[in-house]
Structure formats: C-alpha cells, structure tokens
2 protein chains.
Amino acid sequence: MPTPVTPNPARSAAHPAPTLIQRPPLRGPVADELRRRIIAGELRQGERLFEDQAAAELGVSRNPVREALQQLAHEGFVHLAPRRGAWVAEYSDERARHVFEVRGALEVLVAGLAARHRTPRHLGELDEVLAGGRDALAADRMGELPALNARFHALLVDAAANPLLADMVDGLIHQIQWLYSRRVRERAAWSWEEHEQIAAAVAAQDVPLAERLSREHIDKARAGYFAAPPAEPGRATDPVRAVGSEATH
Amino acid sequence: MPTPVTPNPARSAAHPAPTLIQRPPLRGPVADELRRRIIAGELRQGERLFEDQAAAELGVSRNPVREALQQLAHEGFVHLAPRRGAWVAEYSDERARHVFEVRGALEVLVAGLAARHRTPRHLGELDEVLAGGRDALAADRMGELPALNARFHALLVDAAANPLLADMVDGLIHQIQWLYSRRVRERAAWSWEEHEQIAAAVAAQDVPLAERLSREHIDKARAGYFAAPPAEPGRATDPVRAVGSEATH
DNA sequence: TCCACGCATACTGTATACAGCAGACAAAGG
DNA sequence: CCTTTGTCTGCTGTATACAGTATGCGTGGA
C-alpha cells in the first residue's frame, strides 16, 4: 500500500495524545490526496476510480473514500453515477468557461466587499504581500510569485468577511488550479501591477473601482487561459510548478 | 419508526423492478427529509442531531445519514464538529446578509448569461409563466405565485446554460427558503412586475439592463427580508405555505 | 463550598460483511 | 452472421460491528 494517508494509530506511543492533536476525519486527507493526484495529472480525465482500490492504496477502508469521492464530486473533480461508480471528471473549454464565469462574479463581489470591510490589519498584510511581489519581480525571482498571488487573493477573501463566499471561492480555486495545470502559464509578471491597483482601491474603500478592476483582472486571466496552448493531455505541464501556481490570478 | 424514507425492500413483490425505477441512493432522500424538517422548523436551530437516532427514525442505517449530514453541512443547514457530532445550524441576520450578498452576485450573473444565451424555447416558457402570473394576480389567486416565482427563476438559470452556476444557485435557494420561512412574507404581488421587466430585457438580449434589473430585484428582496419582523423562533411562520414560497424572489 | 481528577457512558469514526444491480461474455436461436 | 438471452463477475449501496474519543457526573481533596 503506497502512500498511506495516515498511519492509522496516528500517535506514537510516547504521549497519550494531548486532546489538542484532534486527528481530523480521514475523508479530509483522502479527498486532499485524490484531488492532488487529479490536479497533478496522476489520475487522468475520464479514468475510472474504484472505491476499494483507492481504499487499499491509501490504507483506509471504503467509507472515508466514499465520503471523499462525494466531496470531490461536489467540487467538480469527480463524476458520480449511482450504482455505476466514479470517474475523474472531464475538463473542456466549455467547462473552463463556466468556471471563469462564476469566478468572475464571485471575485468582483470579493473585491467590493473587501473594499467595504477591510480593516487596518488587512491593509498592513496587503502592503506586505505587494512589497514582497515588487521585490521578487525586481530581483527576477519569479518562482515566488505564485505563492504571493495566492496570498493576495486569500487576503481579499478574508477582508470580504463572508464565510459562505469564502467557501465557494475556495472550491473554485482548486478547479482553476486544475485547469491551469494543463495550460502554459505566463501571466505571473504583468498581472502584479493589477494587484497593486486593486489593493489601492480596496485601501481607499472605492467599491466601484475595486469591482471594476477585479472584473478586468479576471477577464484578462480568462483571456490568457484561452489564448494559451493546451498542454499534453492527461499530464500537467510541469508537475512540480504547475500545482498551485497561476491558479489564483 | 415514523417516516421511513423508503421501505427498504423498495419494490413491492409484484414486479421485478424494471430497471427504469433506478432507486436513488438513500443519502438523497434522507438529506431531503432532514432539510425539509429543518426548513419547516420541526428541527430547531442549534438542536443536536444524532446519527443513529435519525437512522432509526428514517428506517435506514447510519451510513446514508452520515453522507446526508455532510451534504447538508455543505449546504449550510448543519454544523459538523469532528468527533463531536452534528447540530442544526444557527441562522442570524449576519448569515442572512452573507447569503443575500452571494445570491445577489450569482443572480446578476444568471440574468446576464440568460440574456446572452436564451433560446426561443426559453422565451416561450417565460411568456407562459408571466401570463400565468398576470392571471393569478388579476384573479387574486395569490397562492399560485410562489410556484410561478420558482419557475421563473429556474427558467432564467436554465437559460444561463452554466451547470456550475445552476448548482450553486440551487444550494442557495434552499437556504433562502429557510430564512424566509421564519419571516413574514409579503412581496409576492408587487415583485411580479419586476419579473416582467427582467424577462423583457432577457428577450431583448440587453445584458446590462438584465443585470441591473436583477440586481435591483434581489436588493428589494433583501430589503424586504430585513424589514419584515422575525417569526416565532424555531417555528416556521406558516408550516404549510412557508416552505418553498417567497424564497425564489 | 469549590475545584480537580477519574471513571463511566454514549456517541462518532472506521472497518468489515452482505446483498443486489450492472456490464461483459458466451451460447443459442433466427 | 447477426441478434438475443442467460449467466457470471465485480462493483456499489447498505447494514452492522468495533474502537476510541469527548462529555458528564461523581468522588475526593483543599
């Protein structure tokens, strides 16, 4: 059994598990691992998923796997057919369009709410991230941008102060990671200036401007996606960098 | 065991279940029933939910109940704490604000996409629904309006031609039903004219107008919600009419 | 009287067992 | 040769069994 999700005893003999450890239900780690494999291209679109096979492979029983599959189906990574089983979902340009449409609407909302509700703490952290991005750009350390990108957008979501919205955006981010993982990515550099402008609008609490800039930001990301050549089918363009990279533009 | 979800043999002896019956997984009916009880106020906010108790009551085992609870948690009806159990979620004005914020963004998107992608078939059905609404209003048969309301909004979602968006709106509708079920409802009549206007914009493929009208429509619904006096805590204002009524404004 | 600790209980999380549907293959009939 | 039907296998859906953790209460001490 390769890749056991959690060595089931979960705590080494030494300490009697100070209640703080709070081992999370296996469905979480299992879903994370399956999602990772799908995004990384280790599981290809259309590929059949068997409950007991995955269970054996991850060293758990079928129950957590079933629950994880249902979550992944809700997130759009997996297709479930009652009494027939589970498949890795098929991505397509049409599906990408749908994702970008919804994400556009939600990100505009995020920007507007962030402009309304941001606190000094958010502004401080935004400044930090933006400075980090400027430095990375100046020093040509492009490898740091994806993580900073993610932090920037996560900060806005946090500032928006709407947990329901946060959940939805979160679910979409995974899917966009998946989509981007099979396209060439090249927006990292010139999208940073857009972040600076959005942050300024948020700081100024200029709601319409923040919404407009966010809309344009997403529109450009979408355009970049559809302009990029598709990667090898079934394999991430670059298994190491691709996962969790440009997804958060 | 009151209210068995499905008498487990699922088919009476007579016919050998012509494959068309396609008995759906129990998690679906179970989730529907629990959701219904929550919306109807039979299960009160903050009330503890026990897996085996629900299982016994519905005549199924714990597994389908677990899966249903996870789905309901995702929909926002239930709060899950690992190893501690499930509670009926607590609604609050803050939560209502969050729901309306997200729904606003999504409905505006729906209206815009519907204006872009609507087909003659959609226009025909919209006309039907609108005519039905006019008739009901003229004849003072207000009881028919909620269903027509729901059909109207469902039609727009269908015309928007984005399954991902459809899923999200669907999830929100349940929650809004819940919210509305404990407020006095009185928007049925005068909101119908807004529907006519939105439909006209959709028919004319005037995207900005459809979006603007939709935004105003939702804003008024929200204002109406917060202006209305809260109902008895833990009980729907009117168990019969409340469920599935104004929710789709 | 109040607090701390330990025990008991009841519930969740996980594993396993069982039943039934669905697809595949093979054999028989047209 | 093609179609149809029967059987067989493998998987899902559901039920049940087991283990471990969280809470409540009781008891002991300060």
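Every chain is numbered from 1, with letters handed out A, B, ... down the list of sequences. What's counted below: heavy atoms across the whole structure, side chains too, no hydrogens, waters or symmetry copies. Remember, it's a predicted structure, so these values are computed and weren't measured experimentally.
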Nearest-nucleotide pick for [X], side chain only, options being [options]:
| X | options | value |
| --- | --- | --- |
| Asn63(B) | dA17(D), dA15(C), dC11(D) | dA15(C) |
| Leu26(B) | dA15(D), dG13(C), dG23(C) | dA15(D) |
| Arg83(A) | dC18(C), dA17(D), dA22(C) | dA22(C) |
| Arg23(B) | dG13(D), dC11(C), dC21(C) | dC21(C) |
| Arg84(B) | dT14(C), dT23(D), dT14(D) | dT23(D) |

> Between Arg121(A) and Glu125(A), is a salt bridge (charged side-chain N to carboxylate O under 4.0 Å, His left out) present by the stated rule, with each step listed?
Replying inline: CA-CA 6 Å; Arg121(A) 176 178 66 79; Glu125(A) 294 187 33; 3.0 Å; yes

>> Regarding Glu47(B) and Arg44(B), does a basic nitrogen lie under 4.0 Å from an acidic carboxylate oxygen?
In response: no

>> Strictly below 4.0 Å, N to O, side chains only: are Glu42(B) and Arg36(B) in salt-bridge contact?
In response: yes

> Stepwise, does the side-chain hydrogen bond (donor to acceptor under 3.5 Å, both in side chains) test hold for Gln175(B) with Arg95(B)?
Replying inline: CA-CA 10 Å; Gln175(B) 277 202 67; Arg95(B) 177 164 189 79; 2.8 Å; yes

Euclidean distance, atom [atom1] of residue [X] to atom [atom2] of [N] [Å, nearest integer]:
| X | N | atom1 | atom2 | value |
| --- | --- | --- | --- | --- |
| Glu51(B) | dA15(D) | CD | P | 14 Å |
| Arg27(B) | dA15(D) | CZ | P | 13 Å |
| Arg48(B) | dA22(D) | CZ | P | 13 Å |
| Arg66(A) | dT16(C) | CZ | P | 16 Å |
| Glu67(B) | dT12(C) | CD | C1' | 15 Å |
| Arg62(B) | dT16(C) | CZ | P | 16 Å |

> With a non-hydrogen cut-off below 4.0 angstrom, is Leu69(B) in contact with a base, only sugar-phosphate, or nothing?
Replying inline: nothing

>> For a quick check of understanding: with a heavy-atom distance under 4.0 Å over all strands, which category does Leu80(B) fall into, base, sugar-phosphate or nothing?
In response: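 If one applies the 4.0 Å heavy-atom cut-off, Leu80(B) turns out to touch nothing in the nucleic acid.
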
> At under 4.0 Å, does any side-chain N or O of Ser61(A) touch on OP1 or OP2 of dT14(C)?
Replying inline: no

>> For Pro64(A) and Asp52(B), find the nucleotide of DNA chain C closest to each by heavy atoms; which residue's nucleotide sits nearer the 5' end?
In response: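 That would be Asp52(B).
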
>> Quiz question: by atom type and distance under 3.5 Å, do the side chains of Glu75(A) and Gln71(A) form a donor-acceptor pair?
In response: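 The answer is yes; a qualifying pair exists.
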
